[in-house]
Every structure is written in C-alpha cells, then in structure tokens.
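Notes follow the structure.
Chain identifiers are assigned alphabetically (A, B, ...) following the order of the sequence lines, protein sequences preceding nucleic acid strands; residue numbering begins at 1 within each chain. Just so it is clear, the values below take in all heavy atoms, side chains as well, and ignore hydrogens, waters and symmetry mates.
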Amino acid sequence: MASEEAKTGKSMDAIMALCKRRGFIYQASEIYGGINGFWDYGPLGAQLKKNLRDAWWEDMIMRPCWGKNGPNGRPVRCVPLETRIIQHPKVWAASGHISGFNDPMVDDKETKQRFRADHLCGLYLREVASDGPPIGIQYQGFINDIREFRAGDPELTAVASTEGEALELLMPQLKKRFKGVDVSAHVEVEHDVQADIYIHDANQQRAWIAKLKMIPLALLKERIAYIKSPFSGKMGHLTDPRQFNLMFKTIVGATGTEDDTAYLRPETAQGVFVQFKNVVDTTRVKIPFGIGNTGTSFRNEVTPRNFTFRSREFEQAELEFFCHPDESFEWYKFWRDFRMDWWKSIGLAGDNLILREHEKDELSHYSVGTSDVEYRFPFTAPGFGELEGIAHRGCFDLTQHQQHSGAKMEYNDTERGEILPNGGRRGERYIPHCIEPAAGLDRGVLALICEAYSRDESRPSPEVMKFHPRIAPIKAAVFPLVAKEGMPEVADKLHAELSQRFWRQGAIEIDEKQSIGKRYARMDEAGCPYCFTIDGDTLTNQTVTVRDRDSGAQERIGIDKVAAFLTEKIGG
RNA sequence: GCGGGCGUAACUCAGUGGUAGAGUGACAGCCUUCCAAGCUGUACGUCGGGGGUUCGAAUCCCCUCGCCCGCUCCA
C-alpha cells in the first residue's frame, strides 16, 4: 500500500472507499456477500460511465475523429451496430474462442503462444544403447546424440491435433538431425494415438529410434520444466497446463438441455464480423468505413482482481474499421494515434497514459500490428494496465466466418480496378482488412476515477475528484449562500434553467443545507467542476459567484451568463 | 491456482469470553453572508455467512464467501 502511494501518490483503498461512499461503485450483490468479479455502478458511476460511452459514440460514430480526415484525405466514415451477447455457437467456433478457452492450455512464456495441452505432441527418443536392434556404424554420431536425452522426455515437440499433422511438422526437424538418413520413408503410424519412427542403415536394417505421442497431461504437469517449447525450442518456457473456461455457458430455450448450449460473448467484435455482409449490402457504406458496437461481454477471468479492472462482466466499445489490404497499415497507424489523443482529451493526459506498440513475438498469429493504450493505475504502478487495444486483424476474422458459414465475405470495391471505356472502374473483389480499436469502458471509468482522485491536505476537504468537465457526472451545482432573504428562490430559478438546458450532459444539483464550505466539499468529492452561489449581491446586481473545483478560485458573472459559461466549459 | 493479510454503522476504525462503541458522514431544526464552523436532536448493526464449543461468542474452533497484496495469468 505504501509503495503504491509512493508511485502514484494515490491509495487504491482511499479511492475504493470514496467510490463506495459517494455512490460511484458498489460491490455486486453486496448484501449477499458479493459475487466474485462483479461490480455495480451507483448513481454517480452510472452517469460517469454513460458520459464516457457517449463521448466514445460521438467521437467515433457520429463525428469520427472530431471531423479529421483519414490517411486517404477524406472524412472518416463509421456506422453503428448493435449485436447480441448471445450468438450462434458456431460463431465462437469460427473465431477460435471455444477451442481456445475450454481446454487445458499451455502458454509459451517467451513467445506468448498458447495452445491446447492435449495438442502437444512429442518425440520420445529411446536409450538406443540399452536395447534395440544394432545400427550401422555410420550412424554412431546421432546415436551419441540420442544418448544425451533421458528416456521419457520429449525431445522434439509440435502442436498438432493429430499425429499425422505432428509428423509433418516434426519430420523436417528429424531429417535435419539425422542428416543423410532417409527417416520419413520409414515412419509407421500404428494407430491414432502414437507413431513409431524408424531409421534404416545401409543394409536396410531397421532401428526404432523414437515414439511420437501426444504428451499425456500427467507427464506434462510433472515434467513441464523439462519439455521443450515447440515455439522457442527451449526448456522451462512452458507454463503449467491449466483449465481455462473463459467462455460463459448458458442454455437457450425454456426447456433447453445441454444440447442447447450457447455462450455469452467474450467480445463484441464477432457480432460485427458476422453482420459485415448485411451492413455492406443494406447501407451503401463504402470501404474504407468502420462499424462500431458497444456492449457487455463476459469472460471467466482466471483471477478477477484489482477492483473493477478485471471484471467478469464488462462493457466494450469496439470499432471494426474495414479497409483495403494495401491501405491497412496506414489506417492502423491512424487509429492508434487517434485513440491515444482521444483518451488524452477526456482527462487522461500526462505520464500516466502511454501507447505501447506490441513486440513482434507478442502478436497474434494473424496480426501484423497491435498497440495498447495503457494507464498507470495505482495497482499497476510503476507498470501500466491496458485500457484499449488497437489491433490490425488482417482479414482473419472475415475469412474464418467465410469458411465456417459458407457466406461470401468478399467486398466488391467499385472504386478500384482498371478503368473501363465508359470511364468507370472494373472493380476489385477482396476480403477487407480490419483495424480494431477496442476499448474497455469499465477500465476507462476506473482510469478516469483514478486520474481524477486527488488529495490536497491544505484544503478543508482534502479529497477532490478532478474529472474533465465533459465526463463529470455532475456538471454544476447551484447554492444559495444562506437559506433566507430570497436566495433560495433565486437559486431554484437558476437551477431550473440550467437543468432544462443541460440535462442531457449530466446532473445539475441544488443544495441549501448546511454551511457553504460543506456544500463545496460535497461537490468536490463528487467531481462537480463548477458551483454557482447566489449571495447578497446577487439580489442587487444580478451576479453570482462561480467557484472552480480544482483551484477553489471564484469569479463573479452575471446570472444571465451562467448558461453560456457552462456551455463553453462542458460543451453541448 | 499457490502464499499472505483483512472483513464490526454509509466511511475510517476501537472492542480478544459477559448489555455492540467512537470519530466522520447522513438526516431534521436552530444558527450562519463563501470553503467539511457551532449548538440540539434523529436514524442507521444478519459484528461477511453457516456450523461447533460454552451458562454466555464480534471475541475460541471448523467450513465457507468476499476484498486487498505478492507470485501466476490476462486469448
């Protein structure tokens, strides 16, 4: 805790206490003891999150990139879409989520590649010296090699779902090792769980050298440190096999059985890919264009922790931006940079926000580029936690769905191809590439809260939530300095006027209870940026004081200028 | 998943076998002409939950749930 504060100046315990006390975030099902990995938003948190979601929607869909041109020199075009949490189970088979997340998985710690533990095949090389048929002298060299390996430890490994596949993958390596010996011709697949591999000497004498087997889970668990990673080729680079059940199962239909199993989506993106063809066919969009989709997703996180950071139910704001393959890298860079600017614009400016380009070996097999927008949360400091990933997904997803569903995902680009005699274009058919800026709204809210939280011991109310005015859940408060001499009536009138004008953006509060200092303090904790106070002078000269949350400074403005002042500060 | 810590009022916490407390906050009233001021009063407790030991459990024991931290992990 102490080190946490030293690094960010902020205590997560204090932030969580404030979130509870002021109604930003509550534990889900708290009166029943809570439920692991789920959190609810209180009134202020719900409004804060709505403001964040609205900001995303406005800046990504309604007026993409604040009206800036894309790398093609034309305005960025995006349309919204709303797809279901529950999709046909085949969607998740096509996307790879079911196979990827329902079986014991092993990761290569170095290359970050993950694979099913039961797909790890290994060649077990035997102790040739102890038994087995004699082998010609010309092979002495590799026999010595073989002796270096202990029986039972897979020497060569591959990831494949059948032995046939594994053999294909491993044979080139075997040939390399047994240079000059024709190994492949003498592979005998005995049955579908293992294969024996032989070599032949010059006299056609056969010698058994290895057994290819799926590595049993028990062995994997016990000897994981001694098994070479099929990716890095090094021992000790594989994690223990672990059961991942990241997909949330559910059953569709009132009388449904296991046969009616469906899944709650782990990401909103697949709904967009699945409807890509419909959007193209029915809305006159032209590539390049984006499809945005916000909504709730579910993952059975292995370790939900760090307040709301890794919740099992969370909301995403994802844009799938489709473009021609040749232009995809330009768009990738464009979106990466814009998304960084966007987070800065709503208050995450400064050293706590970074853009991190993934290393090559960190990338998914289909991605040519991925960046994370990361925030230094108090609980990640001095490190950072991911807010948004901007991924170049290539044509992977559309291709997967084309293969699994049989639906053509090709786009007919009528602005490309050779020029025809009539001046038109022949057109070009291709599966578009996709750039995906995928933001976590709940993580965004948490980052905004952490960034906003500040303590100033010199103030009578030390805790202040310094939200950017655009996302602050309470936009303004109106106070009569004292609850008499006609001030409450003037305050009521101003409050009604401001509410009428700004209700879309957030709450406008009014408060006449207790001392003025206490009322300012309450608003500081809630993150309300501006307080307007009606005092004795108001009654004579029609001015009010505006108190700035962050500085505590006051200025006087005409009561009829308050709405204009707020418009300038909070937009709208 | 492993290890450690914690769980008592809305918040922060005291209470280690004998009548559940304090400060803050909230609410109401008085007062108050700019920063959690003062006075009076009020409300708020499954002591995380369940079981056990005991004449008696917030307190001791067992189980369980939740949160935090470290390791691990985060497609």
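- Scanning atom types as modelled, no donor and acceptor separated by under 3.5 angstrom connect the side chain of Glu301(A) and the base of rA75(B).
- Below the 3.5 angstrom threshold, one finds a donor paired with an acceptor across the side chain of Arg547(A) and the base of rC35(B).
- A sub-4.0 Å separation between OP1 or OP2 of rC67(B) and a side-chain N or O of Asn36(A) is present.
- Of all nucleotides listed (rC68(B), rA36(B), rA75(B)), rA36(B) comes nearest to the side chain of Ser515(A).
- Counting any heavy atom pair closer than 4.0 Å across all strands shown, Ile31(A) reaches a base atom.
- Phosphate proximity of rA10(B) to Lys20(A): absent, as no side-chain N or O sits under 4.0 Å from OP1 or OP2.
- Taking a pair to require two hydrogen-bonding distances under 3.5 Å in either a Watson-Crick or a G-U wobble arrangement, rG70(B) pairs with rC2(B).
- Taken residue by residue, residues 551-565 of chain A places heavy atoms nearer than 4.0 Å to RNA chain B at Gly552(A), Gln554(A).
- Both distances falling under 3.5 Å, in either a Watson-Crick or a G-U wobble arrangement, place rC27(B) opposite rG41(B).
- With respect to the salt-bridge test (charged N to carboxylate O, under 4.0 angstrom), the residues Arg22(A) and Glu463(A) do not qualify.
- Within 4.0 Å (heavy atoms only), Glu512(A) reaches no atom of the nucleic acid at all.
- Using a 4.0 Å cutoff on non-hydrogen atoms, the parts of residues 528-546 of chain A near RNA chain B are Thr533(A), Asp535(A), Gly536(A), Thr545(A), ordered by number.
- In this entry rU53(B) has no Watson-Crick or G-U wobble partner, no candidate having both defining distances under 3.5 Å.
- Within the 4.0 angstrom heavy-atom criterion, only backbone atoms of the sugar-phosphate kind lie near Arg522(A); the bases stay farther away.
- Pairing partner, rA9(B): none, since no Watson-Crick or wobble contact has both distances short of 3.5 Å.
- Asp511(A) places its CG atom 16 Å from the P atom of rC35(B), with the value rounded to the nearest Å.
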